[in-house]
Amino acid sequence: MDGAQTDKPTEKRDGPVNIIMIGMAGSGKTTLMQRINAHLHERKKAPYVVNLDPAVSKLPFQANIDIRDTVDYKQVMSEYNLGPNGGILTSLNLFTTKLDQVMGLIDKRASTTEYFLYDTPGQIEIFTWSASGAIITNTLASSYPTVVVYVVDTPRTASPSTFMSNMMYACSILYKTQLPFVLAFNKTDVVSHGFALEWMSDFEAFQRALQRQEESFMNSLMQSMSLVLDEFYAHLRVCGVSAMTGQGMDEFFDKIGEAVTEYYDEFRPNLQRQVEKKRQAEQEQKEEHLKRLMKDLAVSEGKEVDL
């Protein structure tokens, strides 16, 4: 009996992992995608790569599925009289209408592929806060283990104000997607992410860094926000990577492994509860409609109809 119980979760946990890469323009997100792609190829674990950025002019990797093959970003802008951001959003919306076909292709490769990589637009709010972005993310997460990776430009985060801005972005993405989350500090070959680890683990160290910069009304706000984010830091998976040198790749995949475990332990059961709750609500609604129908039939039975 015990053996059957332990075998069951192991069987369920065999499957591919979706890694959704999110990061601001210039963070090195797409270059890091290429590094991850090369790292997996070196280990004979070729990933399945999906490009979700319709505005990118050139990719450093070969995408198995490319949104640009389905939607012409510039044509969308011209046809609908849209700006750059509106063009990206509309292109994503149009691509989402083909999502069932995309999932069909992914399902076919699921048995032979360990990792599926997804590159998203550098305008992160377009993907994370749009309906199409939520549909894509939720569809992937309901099918296979899904991890969100937020890529941070480490050199540009060296000042307390930009660091805090990035942490607020990371926090908002985490709570919007509600998926296992990894924070990847990129470009550590230029600047080590040690300062960020210290600021996240030691409130007083961040306070000292704030005191060293010019006094402004923002300082007191950032002090308060760092206290608020203390709980967020405590449960955050963080790693330092370099898209240029490949530094930190092993640690990165260790964090991905931890996130996959969280997916099975927390996200999957929660998803199943939500599905069951929705099913019960629909069943109760059907029963209520049936009761009303039977009641209406009982009331009207035997009545004469006025002509």
Side-chain angles (χ1 to χ4, degrees), residues 15-25 27-41 43 45-73 76 87-151 173 176-177 179-182 184 186 241 243 249 252-253 256 259-260 263:
V17 178
N18 293 316
I19 301 178
I20 302 176
M21 305 290 291
I22 298 177
M24 294 184 186
S27 64
K29 167 180 58 63
T30 301
T31 310
L32 181 58
M33 270 275 294
Q34 166 57 16
R35 174 58 63 181
I36 295 170
N37 182 37
H39 179 84
L40 291 172
H41 272 284
R43 281 152 181 75
K45 297 181 179 180
Y48 197 80
V49 181
V50 180
N51 173 46
L52 297 175
D53 187 354
V56 65
S57 57
K58 187 177 180 181
L59 289 173
F61 49 80
Q62 182 67 40
N64 299 96
I65 298 177
D66 196 332
I67 188 176
R68 299 175 300 172
D69 295 335
T70 305
V71 183
D72 188 327
Y73 164 70
V76 168
I88 295 174
L89 179 58
T90 304
S91 296
L92 273 173
N93 291 340
L94 294 171
F95 180 77
T96 304
T97 63
K98 308 283 187 181
L99 191 57
D100 57 332
Q101 299 176 30
V102 174
M103 292 306 299
L105 294 172
I106 291 172
D107 289 339
K108 288 179 181 178
R109 295 295 299 271
S111 61
T112 58
T113 306
E114 189 171 347
Y115 294 101
F116 288 81
L117 308 179
Y118 302 82
D119 193 17
T120 61
Q123 294 79 357
I124 59 178
E125 69 281 356
I126 293 176
F127 183 81
T128 56
W129 293 98
S130 67
S132 54
I135 291 170
I136 292 171
T137 302
N138 293 338
T139 302
L140 294 174
S142 63
S143 303
Y144 304 106
T146 302
V147 180
V148 174
V149 176
Y150 181 60
V151 183
I173 293 170
K176 179 65 172 65
T177 61
L179 285 170
F181 191 83
V182 174
N186 193 17
V241 294
M249 282 293 103
F252 174 82
F253 279 99
I256 293 294
V260 170
Y263 172 89

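Counting only residues at least two apart or in different chains, side-chain hydrogen bond (donor to acceptor under 3.5 Å, both in side chains) contacts with residues 97-106 are absent. Under the side-chain hydrogen bond (donor to acceptor under 3.5 Å, both in side chains) criterion, the residue pairs touching residues 51-65 are Asn51-Asp66, with sequence neighbours excluded.
Within the 4.5 Å cutoff, side-chain heavy atoms of Ile67 are placed close to those of Leu92. Taking the side chain as every heavy atom from C-beta outward, Val151 and Ile22 never approach each other to under 4.5 Å. Residues Thr30 and Met21 have side chains not in contact (no heavy-atom distance under 4.5 Å, counting atoms from C-beta outward). Within the 4.5 Å cutoff, the side chain of Met33 has heavy atoms near those of the Phe61 side chain. Side chains of Tyr144 and Val17 form no contact here, defined as non-hydrogen atoms less than 4.5 Å apart. Counting heavy atoms from C-beta outward, Pro47 and Ile36 have side chains that stay 4.5 Å or more apart. Using a 4.5 Å heavy-atom threshold, the side chains of Ile256 and Val182 count as touching. Contact check for Leu40 versus Asn37: no side-chain heavy atoms found under the 4.5 Å cut-off.
Contacts of Thr90 classified as side-chain contact (heavy atoms from CB on, under 4.5 Å), with partners at least two apart in sequence or in another chain: Val76, Tyr80, Leu82, Leu94. Residues forming a ring pair (Phe, Tyr, Trp, His ring centres under 6.0 Å) with Tyr115 (at least two apart in sequence, or on another chain): Phe253. A search for salt bridge (charged side-chain N to carboxylate O under 4.0 Å, His left out) contacts involving Glu125 returns nothing, not counting sequence neighbours. Applying the side-chain contact (heavy atoms from CB on, under 4.5 Å) rule to Lys108 yields no partners; only residues at least two apart in sequence or on another chain are considered. Every residue two or more places apart in sequence or in another chain that forms a ring pair (Phe, Tyr, Trp, His ring centres under 6.0 Å) with Tyr263 is listed here: Phe267. A search for ring pair (Phe, Tyr, Trp, His ring centres under 6.0 Å) contacts involving Tyr150 returns nothing, not counting sequence neighbours. For Phe95, there are no ring pair (Phe, Tyr, Trp, His ring centres under 6.0 Å) partners two or more places apart in sequence or in a different chain. With sequence neighbours excluded, the residues that form a side-chain contact (heavy atoms from CB on, under 4.5 Å) with Ala38 are Gln34. Checked against salt bridge (charged side-chain N to carboxylate O under 4.0 Å, His left out), Lys45 has the following partners two or more places apart in sequence or in another chain: Glu114. Considering only residues two or more places apart in sequence or on other chains, Thr113 meets the side-chain contact (heavy atoms from CB on, under 4.5 Å) condition with Tyr48, Arg109, Phe116.
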### Task
List the steps, then state whether side chain to side chain contact (heavy atoms under 4.5 Å, CB included) holds for Tyr118 with Val49.
CA-CA 6 Å; Tyr118 302 82; Val49 181; over 6 Å; no
### Derivation and outcome, side chain to side chain contact (heavy atoms under 4.5 Å, CB included), residues Val149 and Ile20
CA-CA 6 Å; Val149 176; Ile20 302 176; over 6 Å; no
### Message
side chain to side chain contact (heavy atoms under 4.5 Å, CB included) for Val147 and Asn18? Distances and angles first, verdict last.
### Response
CA-CA 6 Å; Val147 180; Asn18 293 316; over 6 Å; no
### Query
side chain to side chain contact (heavy atoms under 4.5 Å, CB included) between Leu59 and Val56: does it pass, once the steps are laid out?
CA-CA 7 Å; Leu59 289 173; Val56 65; 3.9 Å; yes
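The closest donor-acceptor contact from the side chain of Ser130 to the backbone of Gly133 lies under 3.5 Å. Between the Ser27 side chain and the Met24 main chain, a donor and an acceptor come within less than 3.5 Å of each other.
With rounding to the nearest 0.5 Å, the separation of CG in Asn186 from CZ in Arg35 is 10.5 Å. Residue Asp119 holds its CG atom at 12.5 Å from CD1 of Ile19, rounded to the nearest 0.5 Å. Atom CD1 of Ile106 and atom CD1 of Ile65 lie 5.0 Å apart (nearest 0.5 Å). Here the CG-OG distance, from Leu52 to Ser91, works out to 11.5 Å after rounding to the nearest 0.5 Å.
The side chain to side chain contact (heavy atoms under 4.5 Å, CB included) with Pro54 is formed by just one residue from the set Leu89, Ile88, Asp72; it is Ile88.
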